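I have placed the structure first, in the form of structure tokens, so that the comments after it can refer back to it.
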Amino acid sequence: MTLPIGAQVAATPAQGGQEIAISRGDSRHGATPATRMNPIAIQEERGGKNVTWLEKVSDEQYAKGPPASQGAMNMKKEPSALKKQLGDFAPKMVQLTDDVLFGDVWERTELSPRDRSLVTVAALTMGGNTEQLPFHLKKARENGVSEPELVEALTHLAFYCGWPKALSAMNVAKETFKTPVPAKDPSQK
């Protein structure tokens, strides 16, 4: 059963319908010690199974906030290259790119980062979007796609997206591959 929480009080069958107070800083509803409650819903079951918390969070951990490894969740992180480039000119585009595209879509688990990179390189090649290719070719290498695999993918794409687009992408790849891939930071996922 799902019960909405909106007035800082909720009742659940597990408590026999007894109202329980939810106050500022109560982690059951997504608030932090410095913010107000977010309206959410609590579910006792999901997919026919009881919902359980997978990790216990101490008061100290909760007060400290999310670890730096949580990417878009970390509010003190370095501004993205796009934010530095276009932040004053197109802040919404930057926010959507950083938070939705790279903070959500690229983090989804249904495709591996390697596969996501190959799909992205193919889509950019098909569209003739060579301006974005250097970034994504570098990202593909960081995500485990080898240079010979990328060259092969671009060769294969010539038959599906057109010779000129594939040749343009191949020239971008040749220039991009002159820069070595930095060693992966073991603290990164």
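As the structure is a prediction and not an experimental result, all values here were calculated from the model.
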Are [X] and [Y] grouped together when hydrophobic residues (ILVMFWY) are joined by side-chain heavy atoms under 4.5 angstrom apart?
| X | Y | result |
| --- | --- | --- |
| Val119 | Met126 | no |
| Leu157 | Phe159 | no |
| Tyr160 | Trp163 | yes |
| Val105 | Phe135 | yes |

Report task. Say whether Thr155 and Glu152, considering side chains only, have a donor N or O and an acceptor N or O under 3.5 Å apart. Result ->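 No, no side-chain donor-acceptor pair sits under 3.5 Å.
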
Query raised in the report: Quick one: are Val145 and Leu137 in side-chain contact, heavy atoms under 4.5 Å?
Result: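 Side-chain contact under 4.5 Å: no.
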
Query raised in the report: Is Leu118 close to Leu150 at the side-chain level, that is, under 4.5 Å between some pair of heavy atoms?
Result: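 Yes. Closest side-chain heavy atoms under 4.5 Å.
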
Requested in this report: Run the numbers on Leu86 and Thr97 for side chain to side chain contact (heavy atoms under 4.5 Å, CB included), then give the verdict.
Outcome: CA-CA 11 Å; Leu86 294 174; Thr97 302; over 6 Å; no

Query - Residues in side chain to side chain contact (heavy atoms under 4.5 Å, CB included) contact with Thr120, at least two apart in sequence or another chain - result: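 Trp106, Leu124, His136.
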
If I compare all heavy atoms of [X] with all of [Y], which pair ends up nearest, and what's the gap?
| X | Y | value |
| --- | --- | --- |
| Phe102 | Lys139 | CE2-CE, 4.0 Å |
| Cys161 | Ala166 | SG-N, 4.5 Å |
| Ala123 | Asn129 | O-OD1, 4.4 Å |

Report task. Show your reasoning for whether side chain to side chain contact (heavy atoms under 4.5 Å, CB included) applies to Phe177 and Arg141. Result -> CA-CA 9 Å; Phe177 295 164; Arg141 292 189 304 164; 3.7 Å; yes

Requested in this report: Tell me, please, which residues at least two apart from Lys83 pass side-chain hydrogen bond (donor to acceptor under 3.5 Å, both in side chains).
Outcome: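 With sequence neighbours excluded, Lys83 shows a side-chain hydrogen bond (donor to acceptor under 3.5 Å, both in side chains) to no residue whatsoever.
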
Query raised in the report: Counting only N and O atoms by type, is there a donor-acceptor contact under 3.5 Å from the side chain of Glu149 to the main-chain atoms of Ser146?
Result: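 Yes: the side chain of Glu149 pairs with the backbone of Ser146.
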
Query raised in the report: Between the main-chain N or O of Thr125 and the side-chain N or O of Lys165, is there a donor-acceptor pair closer than 3.5 Å?
Result: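 Between the backbone of Thr125 and the side chain of Lys165 there is no qualifying donor-acceptor contact (under 3.5 Å).
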
Requested in this report: Just do the side chain to side chain contact (heavy atoms under 4.5 Å, CB included) check on Arg116 and Asn143 with the steps written out, would you?
Outcome: CA-CA 9 Å; Arg116 227 172 263 286; Asn143 286 334; over 6 Å; no

Below 3.5 Å, can you tabulate the donor-acceptor pairs from side chains in residues 169-176 to any protein atom, sequence neighbours excluded?
residue: Asn171; atom: ND2; partner: Leu167; partner atom: O; Å: 3.3
residue: Glu175; atom: OE2; partner: Lys178; partner atom: NZ; Å: 2.9
residue: Thr176; atom: OG1; partner: Val172; partner atom: O; Å: 2.8

Report task. List the steps and the verdict of side chain to side chain contact (heavy atoms under 4.5 Å, CB included) for Leu101 and Leu96. Result -> CA-CA 7 Å; Leu101 178 59; Leu96 290 169; over 6 Å; no

